[in-house]
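Take a look at the structure set out below.
Numbered from 1 within each chain, the chains take letters A, B, ... in sequence-line order.
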Amino acid sequence: MGKWPSTPAVSRPRWRCLILVISLAVASPLLVSCGTENAGVVINIFNGPEENFSSIVDRCNSLAHGNYRIKLNQLPRDAEGQREQLVRRLAARDSGLDLMDMDITWVAELAEAGWIKEWTGEDKKSVERGTLEKPLKTARWNNKLYAAPYNTNVQLLWYRSDLVPTPPATWDELITAAEKLADQGKPHYVEVTGAQYEGLVVWFNALVTSAGSSILSADGKRVVLDSKARKALEVMKKFATSRAADPSLSNTHEQEANLAFQAGKAPFQVIWPFVYAATRDSNPELLKKLRWAPYPGIDGPGSSPLGGAVFAVGKYSKHPHEAFAAATCLRDPESQKIAAVKDGLPPTIRSVYDDREFIAKYPMRDAILQALETAGERPSTPFYQNISTIVSTVLSPPQAIAPQATLSRLRAEIADALQSKGVLP
Amino acid sequence: MSRHVREEPTTDGMRAEHRLGLLLCAPAAAVMLVVAGWPIIYSFLLSFQRYDLRFPQARGWIGLDNYATVLTNHYWWVAFGVTVLIMVVSVAIELVLGMALAVVMHRTLVARGLLRTAVLIPYGIVSVVAAYGWKYAWTPGTGWLAGFLPENSAPLTQQIPALGIIVLAEVWKTTPFMALLLLAGLALIPDELHRAAEMDGASRWQRFIHITLPLMKPAILVALLFRALDAFRIYDNIYVLTNGAQSTASVSITTYHNLIGGLNLGIGSTLAVLIFLTVALIAFIFIKVFGASSPGTAPGADPKERR
């Protein structure tokens, strides 16, 4: 015990050494980071699950030459969950949200709330250059560009050539064709996304635009839904109560629709082009019989629904400059080609459609381009989420539609929603 | 401390002690005020405003407009009706099943510990996990329960079957809790009463009706109160099973949809306040009308005192 007081003196050099080592260890990362400061700029992108998106990110990271590094953060699989996470972060002024991959229907809402940055100057020009008009329109709000179109989407009528010699052009013809197959005891269902979710809104909106009407006026301030829209509801009702409809129509999402088609229960389905790649990978036999036709109309040619995704820069981002640059790279022709060929997402840049590799994978290229000409957008309004919830609630299940009453209810509830009044179901 | 000391501090020493007592619990009270009091007050304040996160400029005080909007709204009353229905039906079933389980647990002679543990298992499973279990079980094509149904039926996509499944999931999950609360009440009934009644020739059923139930009334009321309040706030089961589709939303689901999905803080807070008031009303009815009391606060809580 008596030795204790002398101990510090003995070990002093060792202490010094230890302190030196520790301070070096602490300081070294600082020194390194001082050297390559730009590598520290991390651009956080929030993206829904997309199988090959990480290879696009890797490509842009290597092209960035250390100016920034994109970090991929995955959002939930369903669109509603994605939107919820994004708006919660934005409402909390999250500065770690630099870049987001979002559905085209959220642009107006987030722009109006001031949560996404406007694209200006050189960034804006590079987005507008060579981009198809329809997708570009969905990226604008109040004539300002708030997002960069990444992919677009249109629905087609997919059918089996062994059961259907000539594709129907209208919903009435489609129902008749299906019932004829039913009479012959053959598979006869037409798969449509009729469950209570966005897919039902997509279907309704496409029929309304095909009938020559719209849900909202062009400025998004007023409900339209006139007598032509009633015609759309009549068609939905007629379809849902006919033998053409799958009995589980009110529970059909994209997944179930395609499964029924793959299983041979349905000779028709009205859906996005991903089914082509899905059939090619899982069912080569069926691929030989798989054909496509334009979206069915009411009286004349139909107008397909318009889908797609855009990139937007978060308002609270600390590195907006790098975020715009990263978004520009993530949506350039080469990136879009990767997404189109590997993940089945149709591009928004016209030149990609002429790429040889693209053409080889997209035999329905012409049909997509043609559908994009007449595709009907969903209403462009900050209230889109409310309108979508109301429409899917009121129209579900589709068998229970009573055209006139349903139309009045839609008009009243959407008008309320436009005033921030009214409760969401 | 016995009861008379608490009333009025008489001497200086007592007064100082009283002050010290207040001082010591002040931090806890302050924390409670901040974490529980302020959010409640804030909800009330929001409920008097037009406040939609998408339109920050349009924010303003609008008095009771939000309440008028909600209370005249069809969706709110449907959700309210659905919630009350779920609450009444599930709590009633739980009471009967819970009582049966409690009696079995009380009377069983062999493997008592094992039995009690087994009964408690559903209560120990995370409710979201259990709800997913039910969801998949009822999904056509993948579920083992859906296999018993006629082809092409998807019970979760129709209102009445979906509500039935929600009640089933709720009952399965919380009956053990009910049984446990009732078991505690059952354990307090002295055996002599039963033996005396038996001597007088009372049957099992008569003893249950005339001895067990009256003596257990406080325990039953507390169990009912807890479960009713809990059931009125039902959220997780519905969120997983239907997310409110086909008019199966409870008031909590509707509130969530308006607050988080709709970004409407005004309407959402109004809904939250209305839930708060309803829960308070239910508690009030239980305490004032039925004379329920939380354990250990009033004479009614202790069956021995009543004797």
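Contact of B/Ala79 with chain A is not made at all, since no heavy-atom distance falls under 4.5 Å. Contact annotation for B/Ile267: only side-chain heavy atoms (C-beta onward) come within less than 4.5 Å of a heavy atom of chain A. Proximity to chain B involves both the backbone and the side chain of A/Phe383, based on heavy atoms less than 4.5 angstrom apart. Using a 4.5 Å cut-off between heavy atoms, A/Gln419 touches chain B through its backbone atoms (N, CA, C, O) alone. Both the backbone and the side chain of A/Ser396 come within less than 4.5 Å of a heavy atom of chain B. Neither the backbone nor the side chain of B/Tyr51 comes within less than 4.5 Å of any heavy atom of chain A. The contact between B/Asn243 and chain A is made entirely by side chain atoms (from C-beta outward), counting heavy-atom distances below 4.5 Å. Contact annotation for B/Ile253: neither backbone nor side-chain heavy atoms come within less than 4.5 Å of a heavy atom of chain A.
By number of non-hydrogen pairs under 4.5 angstrom with chain B, the leading residue of A/Leu259, A/Asn386, A/Val87 is A/Asn386. The residue among B/Leu53, B/Thr254, B/Asn66 with the most heavy atom pairs within less than 4.5 Å of chain A is B/Leu53. When each of B/Thr69, B/Leu263, B/Leu271 is scored by its heavy-atom pairs under 4.5 Å with chain A, the top score falls to B/Leu263.
Residue A/Leu424 comes nearest to B/Tyr75 through the heavy atom pair C-CD1, 4.4 Å, listed as atom of the first residue, atom of the second, then distance.
Within a 6.0 Å sphere centred on CD of A/Glu80, other residues, nucleotides and ligands contribute 12 heavy atoms or fewer.
Using a 4.5 Å heavy-atom cutoff, the side chains of A/Pro397 and B/Gln158 are not in contact. Within the 4.5 Å cutoff, the side chain of A/Glu84 has heavy atoms near those of the B/Ile260 side chain. A/Gln385 places none of its side-chain heavy atoms less than 4.5 Å from the side chain of B/His257. No side-chain heavy atom of B/Asn73 sits under 4.5 Å from any side-chain heavy atom of A/Glu413.
In summary, of the residues considered (B/Asn264, B/Thr270, B/Asn258, B/Thr72), a side chain to side chain contact (heavy atoms under 4.5 Å, CB included) with A/Val423 occurs for B/Asn258 alone.
Listed in order of number, the residues of residues 100-116 of chain A that approach chain B to under 4.5 Å between heavy atoms are A/Glu109, A/Glu112, A/Ala113, A/Trp115.
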